[in-house]
Amino acid sequence: MAPNVQPPRGMRDFLPDEKARREGVLAAIRDSFASYGYREIETPALEELGRLESGQAGDNEKLIFRVQRRGLDPDVAVLPGSSADLGLRFDLTVPLARFYATHRAELPEVFRAVQVAPVWRAERPQRGRYRQFHQCDIDVIGEPGPVAEVELVVATLDALEALGVTGGRVRLNDRTLLAGLLEACGFAPGMHPGVLVTIDKLDKEGLEGVAKELAARELPAGPCGRLVGVLADLASAAGDFDATLGTLPGRAPERAERILEIRDGVLEAKPDAQVVADATMVRGQGYYTGPIFELYHPDFAGAVGGGGRYDGMIGRFLGSEVPACGFSIGFERVVELVDPSRFSARRRKVALVHTEQVPAGRLVAWQRRLIGVGAEVRLVPRRRNLSRQLEALAAEGFSEWAELDATARPPSTSGAAGLDLRHLH
RNA sequence: GUGGCCGUAGCUCAGUUGGUUAGAGCGCCAGGUUGUGGUCCUGGAAGUCGGGGGUUCGAGUCCCCUCGGCCACCCCA
């Protein structure tokens, strides 16, 4: 094994089978999104660091791969802070906002975008977590109302179904509801991020775990106690979120109106959708301003997708506010949920097993002849143990094969005549 | 970023308390047998034991560093 032939940490090579599967999944997702009127765009992998480091994307900004400036003199010291000017994007939302600001004049008033592209984060890799991974985003820009959210959620669930993945579930919440609850409990705004991170662990650590962690964070006891009470109320009313609303502090019922409207809208459009309102769901990105959603599947611990409304972001690039909302599918995680047999080859695949004695031109002539009648044809040098070789070809999806040796004649006048084509299996 | 486990031929793995030229099965190659496609026999190629350094008379086996994978945390898709 030669040293140093692995791809960089957390980044992967894809063998043909896996690549085919990924492309199959992508094609189905693209097709599904396109049917909802979304159009695919592309932006560069790199953005200016200043645009990526808005301070609104939470920890993701710490995970940016920075790209050094070109033309630096290796002999002249440069401050670390000024040695890089570009960075690899860590999500597709920030670049989209920049894209929209750049091209607004050329885009429809309400613009629906699809993006299927790699993003990079310098995280420690694990299963289902990579340093380069693909996201499939759909975004609605210029639509302030809940039609954006309802459509995004329904389209995302439909995309999963198009892949044969059932059991997808969406949780809804609203940033303003969350903030209102914390405020009503008595937390100062500066404490909110830490509290939110803790609340997010509710389903993993339970109420006691969260209470313990709140205490460990040295937060004031009064607000913590009130918050635990609120969480307990929400938990005890499991399933009946609407009934609990009235018991929540602050202006909760009013602030929950939007997610209830979205939830009911999704259910009207897609009655079998699994969608619930959940005041304890939190999302990492700080740029969300209203409704947020997260996609789950029973076969994966953690989220397989997420999104929300980020009305403030485009304004930062454009100067004037434009409402926007998006949903992102975690492609790497969804791929694992798709049944591999879904993408087995349907074309007629023929293997031409040949010995060294066959002239190259004659081989390729036969290959072209079969391609001409609609087959996918691969030239395969004959191995010593032919039966094992044929098994391997069958496993690769080949349905027919023929052997060509020194006695092989050139293709005759019509089709595969003169070739001893046999079925595999 | 923090902590833990792991890394031996193409693949799956053995390698005793550190000791001679690092092994097996499968696969691959060659020759023979066989109904010159499936069996069987014989032989062969192929490992800088992830990489580097150290301890030692001697290290795949011990120590340090490093790279990579996995797991937990952090956080997330």
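In this text the structure is predicted, and so the values were computed from the model without any measurement. Just so it is clear: chains get the letters A, B, ... in the order the sequence lines come, proteins before strands, and each one is counted from 1.
Among residues two or more places apart in sequence or in another chain, the side chain to side chain contact (heavy atoms under 4.5 Å, CB included) test is passed with A/K201 by A/V197, A/E205, A/E213. A/E261 is linked by a side chain to side chain contact (heavy atoms under 4.5 Å, CB included) to A/P146, counting only residues two or more places apart in sequence or in another chain. Taking A/H192 as the reference, nothing meets the ring pair (Phe, Tyr, Trp, His ring centres under 6.0 Å) condition, with sequence neighbours excluded. By the side chain to side chain contact (heavy atoms under 4.5 Å, CB included) test, A/L46 is found to be paired with A/V67, A/L86, A/L88, residues two or more places apart in sequence or in another chain being considered. Take A/F99 and apply the ring pair (Phe, Tyr, Trp, His ring centres under 6.0 Å) test, not counting sequence neighbours, and it matches A/H103. Remark: A/R169 pairs with no residue by the salt bridge (charged side-chain N to carboxylate O under 4.0 Å, His left out) rule, at least two apart or across chains.
Spacing of P atoms, B/C26 relative to B/G44, comes out at 16 Å, to the nearest Å. A gap of 30 Å separates the C1' atoms of B/U55 and B/C13, to the nearest Å. Comparing the C1' positions of B/A59 and B/C64 gives an interatomic distance of 15 Å, to the nearest angstrom. Separation of the P atoms belonging to B/G69 and B/G15 is 26 Å when rounded to the nearest angstrom. Here the separation of B/G7 from B/C49, taken at their P atoms, is 14 Å to the nearest Å. Taking atom C1' in both B/C74 and B/U16, the straight-line distance is 42 Å, to the nearest Å. Look at the P atom in both B/G60 and B/G50: the space between them is 10 Å, to the nearest Å. Comparing the C1' positions of B/A46 and B/A22 gives an interatomic distance of 14 Å, to the nearest angstrom.
Within the structure, salt bridge (Lys or Arg N to Asp or Glu O under 4.0 Å) contacts touching residues 294-303 of chain A (residues at least two apart or in different chains) are A/R283-A/E294. Every pair passing salt bridge (Lys or Arg N to Asp or Glu O under 4.0 Å) that includes a residue from residues 117-126 of chain A is listed here, sequence neighbours excluded: A/E123-A/R129. The salt bridge (Lys or Arg N to Asp or Glu O under 4.0 Å) pairs that include a residue from residues 380-390 of chain A are A/R382-A/E403, where partners are two or more places apart or lie in different chains.
Residue A/D137 contributes atom CG, which lies 16 Å from atom P of B/C76 at whole-angstrom precision. In this structure, CZ of A/F90 is placed 12 Å from P of B/C76, rounded to the nearest angstrom.
In terms of heavy-atom proximity, A/R309 sits nearest to A/A148 at NH2-CB, 3.6 Å.
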One character per nucleotide, please: for nucleotides 24-29 of chain B, 5' to 3', B when the base has a protein heavy atom closer than 4.0 Å, S when only the sugar-phosphate does, - otherwise. ---SSS

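Centre separation under 5.5 Å together with a plane angle under 30° does not hold for the ring of A/F331 and the six-membered base ring of B/A77, so they are not marked as stacked.
A side-chain contact (heavy atoms from CB on, under 4.5 Å) with A/V266 holds for exactly one of A/L152, A/V150, A/V170; it is A/V150.
Both A/R131 and A/M11 lie near RNA chain B, and the one whose nearest nucleotide falls closer to the 5' end is A/M11.
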If you restrict it to nitrogen or oxygen atoms, what contacts under 3.5 Å exist between nucleotides 70-74 of chain B and the protein, and what is each distance?
unit_1	atom_1	unit_2	atom_2	d
B/C71	OP2	A/R127	N	2.5
B/A72	OP2	A/Q126	OE1	3.1
B/A72	N7	A/Q126	NE2	3.4
B/C74	OP1	A/K201	NZ	2.7
B/C74	N4	A/R129	NH1	2.4
B/C74	N4	A/R129	NH2	3.2

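Consecutive Watson-Crick or G-U pairing (both distances under 3.5 Å) extending over three or more pairs maps onto RNA chain B as B:1-7 with B:67-73, B:10-13 with B:23-26, B:28-32 with B:40-44, B:50-54 with B:62-66.
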